[in-house]
Amino acid sequence: MKSVRTRFAPSPTGYLHLGGARTALFNYLFARHHGGSFVLRIEDTDKARSSQEYVEAILDGLEWLGLEADEGPIFQSGRDELYRARVESLIESGDAYYCFCTPEELDAKRKAAQAAGRSSAYDRTCRDLGRTPRSGEACVIRFRCPAEGQTGFRDLIRGPVVFDNAELDDLVLVRTDGSPTFHLVVVVDDIELGITHILRGEDHLSNTPRQLGIFKALGAEPPVYGHLPLIVGADRSRLSKRHGATSVGAYRELGFVPDAVVNYLARLGWSHGDQEIFSRDELVECFDVEGVNKSASAFDMEKFTWVNFEHMRRMGDRELADGSLPFFPDDLRPAIDPTRLQAAIPLLRDRAHSLVELADQARTFVDDDVRFDAKAAARFLGEEEQGRLRALSDALESVDPWETTAIEPAFRALADTLEVKLGKLAQPTRVALTGGTVSPGIFELCEALGKQRTLDRLRNACEQAAAGTLPLAESEA
RNA sequence: GGCCCCUUCGUCUAGCGGUCCAGGACGUCGGCCUCUCACGCCGAAAACACGGGUUCGAGUCCCGUAGGGGUCACCA
């Protein structure tokens, strides 16, 4: 058996979206699982709609996801000779012909056909003209599609699929301007690159019999196809802008980590028993077209967020610290001490569902400019609390070593002495240290902050609260 | 509209004729834990689209119906 070769062939007419990313992923996994190779091909035959910007966006997206290709990117724009040679052989064998119908004529015929309820397929006016163009005469080249019989194939995911050839169209292979179209270049390149398996979106299902015809006319053995169910929005319609973010880059900016995106996308339309969380290696190990579903799957932000959370908690401190760095405010980032940030990660890991949240929660650990939430200060930094906090800072003064095991007893002893519940001490402390009412455990917080910072913040907050000069956080817009 | 594809809890899914009065996960709702918020733990509600067959027996096979989706370009 030939070794497996798959490909991902996006057209650079937009950013890498979730559907494309999943198609790339499945081809990647299939190739890796079978020890084969994965080729990246850029389908930029539509010069008007393709752009370098999108090429780079797609390349970036794939790199970020870690879906590196073994070959490519191969750009179709540089391979005209290849396509021309194949078309000539098709003309020669009679499998392709010149068509002189103008776009206006075709358009009119289509409309008339639709109005009359007939098939709007090309009426094959020029099919048997047997004419070659006079010099300078405008024409396209069409594929001579078998008019009778059936074209069927065994889909890797759907099983046997059959189309009546009568339903197929004599599609255009070469445009008036001499440029090759999608159907032609796809087939030629899949032959040239020796592609053995193609996993693509279900929207290509009806293209497959047409392309199979071209393979046959070219005397080439076609690859095996598998058509993936589409990803749809919560309303079950095709995923689009109105469903919110659809580009991979958007999720990167939302603080999703690549492994989580890969995991979630893999599980959308594919499963392996009851397992939900997969590492990259596990995916390569377990991936199998048997596990691919047939029906469209709805993108669910809630579950995606949970998957991200699960991956984040499996990441190392260093990795998370580095990953969260881009999500701090620009003016703060240069001042961040990596060691302090990293020390905060263990306290935050089970609290953040995204890198954005992580950076937000880590801020108080790396930024000594504490800003107070007005409501929190009003409620927890009154005179009574200030007294307790002064007593606390005195008590903490003698704590040694500065570890939770020593800090906690100090808190509890003071609470006993003051005859208050721990909460009456802990919550004001939290506000004094962080400016807000939400944070990791208070003892861990103190330890991570260090003795000096803890005492400084405690005393500062008391002074400022007493003087009515607490710097307030800007209220949420 | 023609053709093609699809149909298990709100969502992702397990199930490949009996072990399914349908299992897991997200989400939701209770509860526990608790210095706040999380995490964790325990528990609950929640689905085989419908109708015919085949079979001793169907979520699982077949055929219809309904619903959803895709596609019908000199776009890919």
Side-chain angles (χ1 to χ4, degrees), chain A residues 9-14 43-46 48-50 99 101-103 106-107 110 114 117-122 138-142 155 157-158 161-164 166-169 171-177 179 181-183 185-186 201-209 227 229-230 232 234 236-238 264 267-277 290-291 293-307 309 313 347-353 357 361 376 380 408 411-412 415 421-431 434 436-443 445:
Chain A
S11 64
T13 54
E43 312 225 317
D44 54 353
T45 52
D46 183 353
R49 297 201 301 156
S50 301
C99 168
C101 299
T102 66
L106 293 172
D107 204 42
R110 236 191 318 272
Q114 266 167 0
R118 284 177 284 119
S119 162
S120 62
Y122 175 56
C139 68
V140 298
I141 298 176
R142 286 183 185 273
D155 189 284
I157 294 160
R158 281 147 217 282
V161 180
V162 180
F163 288 82
D164 284 332
E167 296 295 329
L168 274 26
D169 213 346
L171 43 87
V172 172
L173 300 176
V174 178
R175 302 186 185 96
T176 307
D177 68 1
S179 64
T181 64
F182 164 73
H183 288 287
V185 298
V186 164
E202 192 193 343
D203 50 337
H204 282 290
L205 192 57
S206 58
N207 285 331
T208 301
H227 291 88
L230 262 22
V232 298
R236 296 261 124 202
S237 72
R238 194 176 189 155
Y264 180 69
R267 275 292 282 101
L268 211 49
W270 172 82
S271 62
H272 183 71
D274 284 337
Q275 188 170 350
E276 298 285 352
I277 302 299
E290 293 270 309
N293 262 260
K294 291 180 180 141
S295 52
S297 28
F299 178 78
D300 179 11
M301 192 65 176
E302 307 277 0
K303 185 150 185 178
F304 188 16
T305 301
W306 173 77
V307 171
F309 168 71
R313 63 197 310 195
L347 310 195
L348 267 17
R349 169 176 279 110
D350 287 341
R351 302 179 136 76
H353 285 71
E357 283 183 20
Q361 293 171 13
F380 292 108
E408 177 164 358
F411 265 81
R412 293 198 183 276
K421 287 195 161 188
L422 182 60
K424 293 281 183 196
L425 197 53
Q427 204 55 355
T429 305
R430 189 177 331 269
V431 177
T434 68
T437 53
V438 173
S439 86
I442 201 71
F443 315 123
L445 176 64

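Predicted, not measured: the structure shown is a model, and the values here were computed from it. Labels below follow one simple rule: chain letters A, B, ... track the order of the sequence lines, proteins then strands, and each chain is numbered from 1.
The gap from the C1' atom of rC48(B) to that of rC16(B) amounts to 15 Å, rounded to the nearest Å. To the nearest whole angstrom, the two P atoms, one in rG17(B) and one in rU11(B), are 27 Å apart. If you take atom P in rC4(B) and the same atom in rA45(B), they sit 44 Å apart, rounded to whole Å. One C1' atom belongs to rG18(B), the other to rG59(B), and the distance between them is 13 Å to the nearest Å. Separation of the P atoms belonging to rU60(B) and rG52(B) is 14 Å when rounded to the nearest angstrom. Rounded to whole Å, the separation between the P atoms of rC21(B) and rC26(B) comes to 25 Å. Look at the C1' atom in both rG15(B) and rA58(B): the space between them is 13 Å, to the nearest Å. Spacing between rG40(B) and rG10(B) at atom P, rounded to whole Å, works out to 25 Å.
Rounded to an integer number of Å, the gap from CZ of Arg349(A) to P of rG40(B) is 14 Å. For the pair Asp46(A) CG and rA76(B) P, the computed distance is 5 Å after rounding to whole Å. Straight-line distance from the CD1 atom of Ile277(A) to the P atom of rU13(B): 15 Å, rounded to whole Å. Atom OH in Tyr264(A) sits roughly 9 Å away from atom C1' in rC26(B) (whole-Å rounding). The nearest whole Å value for the distance from the NE2 atom in His227(A) to the C1' atom in rA76(B) is 13 Å. Regarding Asp44(A), its CG atom lies at a distance of 10 Å from the P atom of rA76(B), rounded to whole Å. At whole-Å resolution of the value, CG in Asp300(A) and P in rU28(B) are 11 Å apart. For the pair Ile157(A) CD1 and rC5(B) P, the computed distance is 14 Å after rounding to whole Å.
Judged purely by atom type and a 3.5 angstrom limit, Arg349(A) has no side-chain atom pairing as donor or acceptor with the backbone of Ala352(A). A donor-acceptor pair under 3.5 Å is formed between the side chain of Thr181(A) and the backbone N or O of Val172(A). Formation of a donor-acceptor pair under 3.5 Å by the Asn293(A) side chain with backbone atoms of Pro229(A) is not found in this model. Distance alone, capped at 3.5 Å, is enough to place a donor-acceptor pair between the Tyr264(A) side chain and the Asp300(A) backbone. Asp169(A) places a side-chain N or O within donor-acceptor distance of the main-chain N or O of Tyr122(A), the cut-off being under 3.5 Å. One N or O on the side chain of Arg351(A) and one on the backbone of Leu347(A) form a donor-acceptor pair closer than 3.5 Å. No side-chain donor-acceptor contact under 3.5 Å links Arg267(A) to the backbone of Ile277(A).
Shown here, rG43(B) forms a base pair with rC29(B); the pair counts as Watson-Crick or G-U wobble because both key distances fall under 3.5 Å. Across all strands shown, rC3(B) pairs with rG70(B); the Watson-Crick or G-U wobble distances both stay below 3.5 Å. Across all strands shown, rG51(B) pairs with rC63(B); the Watson-Crick or G-U wobble distances both stay below 3.5 Å.
Contacts of Thr429(A) with the nucleic acid, taken as non-hydrogen atoms under 4.0 Å apart, are absent. The residue Val186(A) sits apart from the nucleic acid: no heavy atom pair falls under 4.0 Å. When heavy atoms are screened at a 4.0 angstrom cut-off, Glu43(A) is found touching the sugar-phosphate backbone but no base atom. Gly269(A) comes within 4.0 angstrom of the backbone, heavy atoms only, and of no base.
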Letter by letter from the 5' end, nucleotides 69-74 of chain B scores (B base, S sugar-phosphate only, - none; protein heavy atoms under 4.0 Å) BSS-SB

Per-nt protein contacts along nucleotides 33-39 of chain B (heavy atom under 4.0 Å; B base, S backbone sugar-phosphate only, - none) come out as --BBBBS

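Among Val140(A), Ile141(A), Thr102(A), the single residue meeting the side chain to side chain contact (heavy atoms under 4.5 Å, CB included) criterion with Thr176(A) is Val140(A).
Residue Ser271(A) places none of its side-chain N or O atoms closer than 4.0 Å to OP1 or OP2 of rC12(B). The side chain of Ser297(A) contributes no N or O atom lying less than 4.0 Å from OP1 or OP2 of rU11(B). At the phosphate of rU7(B), neither OP1 nor OP2 sits under 4.0 Å from any side-chain N or O atom of Asn293(A).
Under the rule for a ring pair (Phe, Tyr, Trp, His ring centres under 6.0 Å), the partners of His204(A) that lie at least two apart in sequence or sit in another chain are Phe182(A). Asp177(A) is linked by a side-chain contact (heavy atoms from CB on, under 4.5 Å) to Arg175(A), Ser179(A), counting only residues two or more places apart in sequence or in another chain. In this view, Phe309(A) and His353(A) satisfy the ring pair (Phe, Tyr, Trp, His ring centres under 6.0 Å) rule, not counting sequence neighbours. Scored by the side-chain contact (heavy atoms from CB on, under 4.5 Å) test, Asp44(A) finds Pro12(A), Ile42(A), Ser50(A), Phe75(A), Gln76(A), Ser77(A) as partners (sequence neighbours excluded).
Nearest-nucleotide mapping onto RNA chain B: of Thr13(A) and Glu290(A), the residue sitting toward the 5' end is Glu290(A). Sequence order on RNA chain B of the closest nucleotides to Glu276(A) and Ala298(A) puts Ala298(A) first from the 5' end.
Side-chain atoms of Lys294(A) stay outside donor-acceptor range of the base of rC6(B), with no qualifying N/O pair under 3.5 Å.
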